2 protein chains.
Amino acid sequence: MGESITLAVSTVIFALRPHPESQHPVLWLPLVRRVRSPHKGLWALPGGPLGTTEDLAASARRNLHETTQLTPRYLEQLYAFGRPDRSHDQTMPDDRTVSIVYWALVHADVASAGVESDNVRWFPADDVPDLAFDHNQIIEYALWRLRNKMEYSRIAAALLGETFTLSELREVHEVVLERTLDPANFRRQIEATGQVVATDEFRTGRRHRPARLYRHNHSIELADNGPLTGR
Amino acid sequence: MGESITLAVSTVIFALRPHPESQHPVLWLPLVRRVRSPHKGLWALPGGPLGTTEDLAASARRNLHETTQLTPRYLEQLYAFGRPDRSHDQTMPDDRTVSIVYWALVHADVASAGVESDNVRWFPADDVPDLAFDHNQIIEYALWRLRNKMEYSRIAAALLGETFTLSELREVHEVVLERTLDPANFRRQIEATGQVVATDEFRTGRRHRPARLYRHNHSIELADNGPLTGR
DNA sequence: CCAAAAGTGTTCATGGTACACCCATGG
DNA sequence: CCATGGGTGTACCATGAACACTTTTGG
């Protein structure tokens, strides 16, 4: 019969944005509304078919930019999902989609908020609606990987701006890991790894002692992906 | 033009076998000879196109069995490789293959040695010839993952039989990690994790004190793959 | 008795955790 | 002067590395 396998690339995109009430930063991710069957009308991860001459990561990057107008600070392949029934469509029972999923970290400044529309919306990562296909589980896995890497790499850098205080860096860790960290110990651990470089500037204007600003040490990789380097 | 993307599943299969001279176990992996262009005649990872109704892991499992007559003790997705030029064939310049690669651990008993043929041969993992496509790099990455997981999981269990001495378990770690481990500390670390259960049998016949036999604690997962469980 | 590996005990360095305490600023 | 977070000091504990030492077998 007309059986066929479609290869698609989707991306779980994370950014930090202030919580609407508390103003504390929390994890958000953009979703797109499906405009065709199956699961028409449901929210889903941004993605689409792989271009015939396009690299996998390039496809993720392109789609990410089309959806959010942003360039990822960090991009990594997450997993290939291919259960035969995961994209089942009763109108096309013999069709099937294998999705190669990437996950990305972006720096969501105010400008990116403007690209929201009826078909693109950011959701808090801990309050995502019921999504199309197996996308809820994919997001769970992406969150697990993000939390894992947060503990032994410097990917937090990808969620912050050029300079930042150690409190801000610690807050990123705390938000992602969902637990508080001792400020004193966190400071020493970060300093010991050499992943940040002190500047001679300070964040003032708060009603407490000014905090020194740091910048990332770009000579240290964001994360260790073994023999793979953007393949 | 006639551009098309083929989706294939390949597997890096590891087993322990005695070194031809020293008789000490070393890592081996089976390769198959390509019988058609491109790279006809070169050795390559076992694999093939994904069946239209076949799960990704099932495809890896099927191919593994066809190649080695074995069932994997451990099977995990490694990575999806999709550079547009990775499978370039000058006779079919517009064709392209995306490979989803798994890696597996098997227990290679004597029976499996019989399936070698002109087109299937086992090679020592540290002495693999120049392979088709990017398969040498894929093996490097699989080895990196294997070594990583060996340090924080109990996948070594998948390379041993039902019962084993702690020396044998330690030898597996040493061979994979390519360094010696202190027997006393190794014993305590393994015992502390509860990943092995002492039996009341001993390995005798060696010219030294008999060593107690242990068995795996099946209530502990071989490795933690997060929210993914054979998806 | 000897060689060799099994198995136990002990010391030391390291890294993380908890927490007391002082510092500098805005209000 | 006080509340608040910035920043330093230190004690404690768990873990792992190094290594001395005893035990039990085959030859």
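Per chain, numbering begins at 1; letters A, B, ... match sequence-line order. Quick caveat, the model's predicted, so the values are computed rather than measured.
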Using a 4.0 Å heavy-atom cut-off, does [X] contact any base of the nucleic acid, only the sugar-phosphate backbone, or nothing at all?
X       : answer
T204(B) : nothing
R170(A) : sugar-phosphate
T165(A) : nothing
A184(A) : base

Closest approach to the side chain of [X], judged atom by atom: which nucleotide of [options] is it?
X       : options                   : answer
D182(B) : dG5(D), dA5(C), dC19(D)   : dC19(D)
N185(B) : dG7(C), dC19(D), dG6(D)   : dC19(D)
H208(A) : dG16(D), dT23(D), dT25(C) : dT25(C)
R212(B) : dG5(D), dA3(D), dG7(C)    : dG7(C)
P210(A) : dA24(C), dA18(D), dG26(D) : dA24(C)
F202(A) : dG16(D), dA3(C), dG7(D)   : dG7(D)

query: Between the side chains of N217(A) and S219(A), is a donor N or O closer than 3.5 angstrom to an acceptor N or O?
result: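 Yes, because at least one side-chain N or O of N217(A) sits under 3.5 Å from a partner of the opposite role on S219(A).
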
- prompt: Looking only at side chains, do Y79(A) and Q77(A) share a donor and an acceptor under 3.5 Å apart?
  reply: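 No.
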
- prompt: Between R206(B) and E168(A), which is nearer to the 5' end of DNA chain D once each is assigned its nearest nucleotide?
  reply: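 Closest to the 5' end, via its nearest nucleotide, is E168(A).
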
Side chain [X] and base [N] donor-acceptor under 3.5 Å:
X       : N       : answer
R188(A) : dG9(D)  : yes
R179(A) : dT17(C) : no
R207(B) : dT25(D) : no

Interatomic distance where [atom1] belongs to [X] and [atom2] belongs to [N] [whole Å]:
X       : N       : atom1 : atom2 : value
L181(A) : dC19(C) : CG    : P     : 15 Å
E191(B) : dT8(C)  : CD    : P     : 7 Å
I190(B) : dA6(C)  : CD1   : C1'   : 16 Å
R187(B) : dA6(C)  : CZ    : P     : 8 Å
Q189(B) : dA14(D) : CD    : P     : 17 Å
H24(B)  : dA5(C)  : NE2   : C1'   : 13 Å
R209(A) : dC22(C) : CZ    : C1'   : 9 Å
E151(B) : dT15(D) : CD    : C1'   : 15 Å

- prompt: Do T193(B) and Q195(B) pass the side chain to side chain donor-acceptor pair (under 3.5 Å) test, and can you show the C-alpha distance, the side-chain angles, and the key distance before you say yes or no?
  reply: CA-CA 5 Å; T193(B) 62; Q195(B) 66 184 260; 2.8 Å; yes

message: Could you check whether W43(A) and F123(A) have their ring centres less than 6.0 Å apart?
response: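 Yes.
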
query: Is the distance between the ring centroids of W103(B) and Y74(B) under 6.0 Å?
result: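 They qualify: ring centres under 6.0 Å apart.
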
query: According to the interplanar angle, ranging from 0 to 90°, do the rings of F133(A) and H135(A) count as parallel (below 30°), tilted (30 to 60°) or perpendicular (above 60°)?
result: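 Geometry flag for H135(A) against F133(A): tilted rings.
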
